[in-house]
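Protein chains get the first letters and strands the later ones, always in sequence-line order, with residue 1 at the start of each.
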There are 2 protein chains.
Amino acid sequence: MTEAQRRSPRDRYRAQVRAEIKQHAWEQIATQGVPALSLNAIAKQLGMSGPALYRYFANRDELITALIRDAYRGFADTVRAAFDAGADLAGLAHAIRDWARADPQRYFLIYGTPVPGYHAPEDITAIADEVMVVLLAASEAPVTGKPATPFDDRFANRRTRTDGSPVPGAVLRHAVSFWTRLHGVLSLELAGHFTGMEFDPELLLDAELHELGTS
Amino acid sequence: MTEAQRRSPRDRYRAQVRAEIKQHAWEQIATQGVPALSLNAIAKQLGMSGPALYRYFANRDELITALIRDAYRGFADTVRAAFDAGADLAGLAHAIRDWARADPQRYFLIYGTPVPGYHAPEDITAIADEVMVVLLAASEAPVTGKPATPFDDRFANRRTRTDGSPVPGAVLRHAVSFWTRLHGVLSLELAGHFTGMEFDPELLLDAELHELGTS
DNA sequence: AGATCCGGTTAGAAGCTATCACCTTCCTTA
DNA sequence: TAAGGAAGGTGATAGCTTCTAACCGGATCT
């Protein structure tokens with residue numbers, strides 16, 4: 001909305017068409033995956049013919065990059081919103097899981113198979129950093145007062161908190177551990193690797209996070 | 001080798017051409033990813049023109065399925081070999097990590113972004129089951145004598161050991177936990193999501209498995 | 001030796017990305 | 001207000017892809 005109302009009518013129209021293109025792209029991705037995404041098909045769905053779409057996105061890669069950016073943005077907003085609402089790490093995990101399950105291919109656009117040679121533009125890596133900041137902030141509380149493990153020292157790095165103080169190794173380790181455990185369960189669940197086994201993935205996730213909290 | 005030496009010369013020729021096709025396919029996948037895999041390009045590299053390749057694989061999907069099968073087979077053999085050599089779970093983890101790092105796209109062919117609507121043929125899911133059997137066997141030792149956690153009961157299922165006895169919930173939970181923690185660290189590492197952070201992914205993996213062992 | 005099967009060929013349909021040249025319509029500027 | 005440029009849309013086209021169809025020659029089997 002904020003993007004659509006500023007500047008000239010032409011700009012608003014342009015923004016809306018771009019949004020419609022992305023909307024149809026998401027539908028194709030959700031049902032058929034990224035490799036099957038066809039600019040031609042999207043153009044026809046919008047009632048315009050082929051090359052017109054290149055007025056809005058320079059090429060297929062640029063459209064996909066825009067989708068990745070939007071996915072990251074939505075992901076970061078979800079994490080941020082849950083944190084601001086007072087959620088702890090378990091709360092964040094469930095918010096992220098709900099977001100991912102709503103559109104698995106959107107999650108895999110961020111954390112799925114990487115394309116060899118592709119490097120995300122800097123504004124996207126900046127969003128990834130936003131998420132890390134929240135994860136680190138949410139990891140402060142559960143770590144305080146715990147004795148340091150032999151591994152923690154190796155995780156001290158140059159990252160600083162918002163006030164400029166360095167992030168302790170234990171906090172970084174806790175945040176990364178949360179991240180990898182969540183992704184480990186979630187990605188295998190979304191990819192269907194648990195089908196046939198009879199346990200509830202949510203229960204497994206809870207167990208993994210429970211152990212993280214009591215370690 | 002065993003596939004190439006049996007039956008008639010024609011069969012041997014056929015098996016070898018199929019192997020050469022897959023060889024070139026792997027090279028394309030490793031450097032450009034699955035979506036860029038081109039049957040036409042492979043045919044030209046082999047000195048034959050386009051459609052000839054369809055004598056060996058009915059279509060693109062069948063070739064990719066064959067690659068997935070080979071990847072799973074290699075993965076299962078790696079796990080099995082490490083276990084038979086006496087490796088514990090940590091040893092299995094490092095064997096798997098080495099195997100995955102040797103060709104990340106091969107790992108992602110198994111555990112990467114799923115294609116909506118694709119279901120692996122039964123012989124492939126059977127290989128996946130082989131891996132699970134080894135993981136369960138390797139999880140027997142570290143679990144024995146540990147007090148049951150509140151989560152363990154929910155993981156009891158109909159799976160049986162080779163001698164027919166049921167797998168305890170604690171063992172299944174341990175095996176799945178190992179699997180998800182390893183995959184969580186490994187897939188994010190291979191996808192490059194740790195670049196910029198200054199810790200060693202191997203150290204993170206060790207920490208995760210260390211906690212698993214002491215929980 | 002004759003029939004069959006198998007692996008290769010070229011031609012071609014249908015689809016894709018992407019570029020080009022052209023046309024119209026809107027918006028801005030003198 | 002008239003002129004001119006910018007933006008959006010078009011069809012044509014190049015070049016790539018998967019995959020089918022028709023055909024041909026040689027190896028294999030009966």
Next item on the list: Whole angstrom is fine here: how far is it from CG in A:D11 over to C1' in C:dT28?
Entry: 14 Å
Check: If you check the B:P51 side chain, which of D:dG9, D:dC19, D:dG11 turns out closest?
Finding: D:dC19
Margin query: Any salt bridge linking B:R154 with A:E198? Criterion: basic side-chain nitrogen under 4.0 Å from a carboxylate oxygen.
Written below: no
Item checked: A:E208 and B:S177 side chains, donor-acceptor separation under 3.5 Å -> yes
Check: Separation of A:E20 atom CD from D:dG8 atom C1', in whole Å?
Finding: 14 Å
Notebook entry, point to check: Should the pair A:R181-B:E211 be classified as a salt bridge under the 4.0 Å nitrogen-to-oxygen rule?
Noted result: yes
Note to self: Looking only at side-chain N and O atoms, does B:S187 offer a donor or acceptor that is under 3.5 Å from a partner on A:Y111?
What the structure shows: no
Next item on the list: Please state whether the phosphate of C:dC27, meaning OP1 or OP2, lies under 4.0 angstrom from any side-chain nitrogen or oxygen of A:Y13.
Entry: no
Margin query: Expected output is a numbered-order residue list: members of residues 33-42 of chain B with a heavy atom under 4.0 Å from any atom of DNA chain D. What is it?
Written below: B:L37, B:S38, B:L39, B:N40
Check: What nucleotide among D:dT20, D:dA27, D:dT18 has an atom nearest to a side-chain atom of B:Y54?
Finding: D:dT18
Notebook entry, point to check: How long is the line joining CG of A:L53 and P of C:dT17, in whole Å?
Noted result: 9 Å
Next item on the list: Check whether any side-chain nitrogen or oxygen of A:R14 sits under 4.0 Å from OP1 or OP2 of D:dG8, and answer yes or no.
Entry: yes
Margin query: I want to confirm an ordering. Mapping A:R55 and A:K44 to their closest nucleotides on DNA chain C, which one lands closer to the 5' end?
Written below: A:K44
Notebook entry, point to check: Within the pair B:Y56 and C:dC6, is there a side-chain N or O less than 4.0 Å away from OP1 or OP2?
Noted result: no
Check: Shortest non-hydrogen contact from B:I110 to B:W99?
Finding: CD1-CH2, 3.9 Å
Margin query: I need the CZ-P distance between A:F57 and C:dA18, as an integer number of Å.
Written below: 13 Å
Check: If you find the nucleotide of DNA chain D closest to B:D61 and the one closest to B:P9, which residue's nucleotide is nearer the 5' end?
Finding: B:D61
Check: Nearest-Å distance, CZ (A:R12) to C1' (C:dC27)?
Finding: 14 Å
Notebook entry, point to check: Relative to each other, are the rings of B:H193 and A:W179 parallel, tilted or perpendicular (30° and 60° limits)?
Noted result: perpendicular
Notebook entry, point to check: Within this structure, what is the CD-to-C1' distance between A:Q16 and D:dA7, rounded to whole angstrom?
Noted result: 17 Å
Note to self: Between C1' on D:dG15 and CZ on A:R60, what's the gap in Å once rounded to a whole number?
What the structure shows: 17 Å
Next item on the list: Whole angstrom is fine here: how far is it from CG in B:L63 over to P in D:dC19?
Entry: 10 Å
Next item on the list: Kindly point out which of D:dG11, D:dG8, C:dC5 is positioned nearest to the side chain of B:R10?
Entry: C:dC5
Checklist line | Expected output: side-chain B:R97 to main-chain B:L92 donor-acceptor under 3.5 Å | finding: no
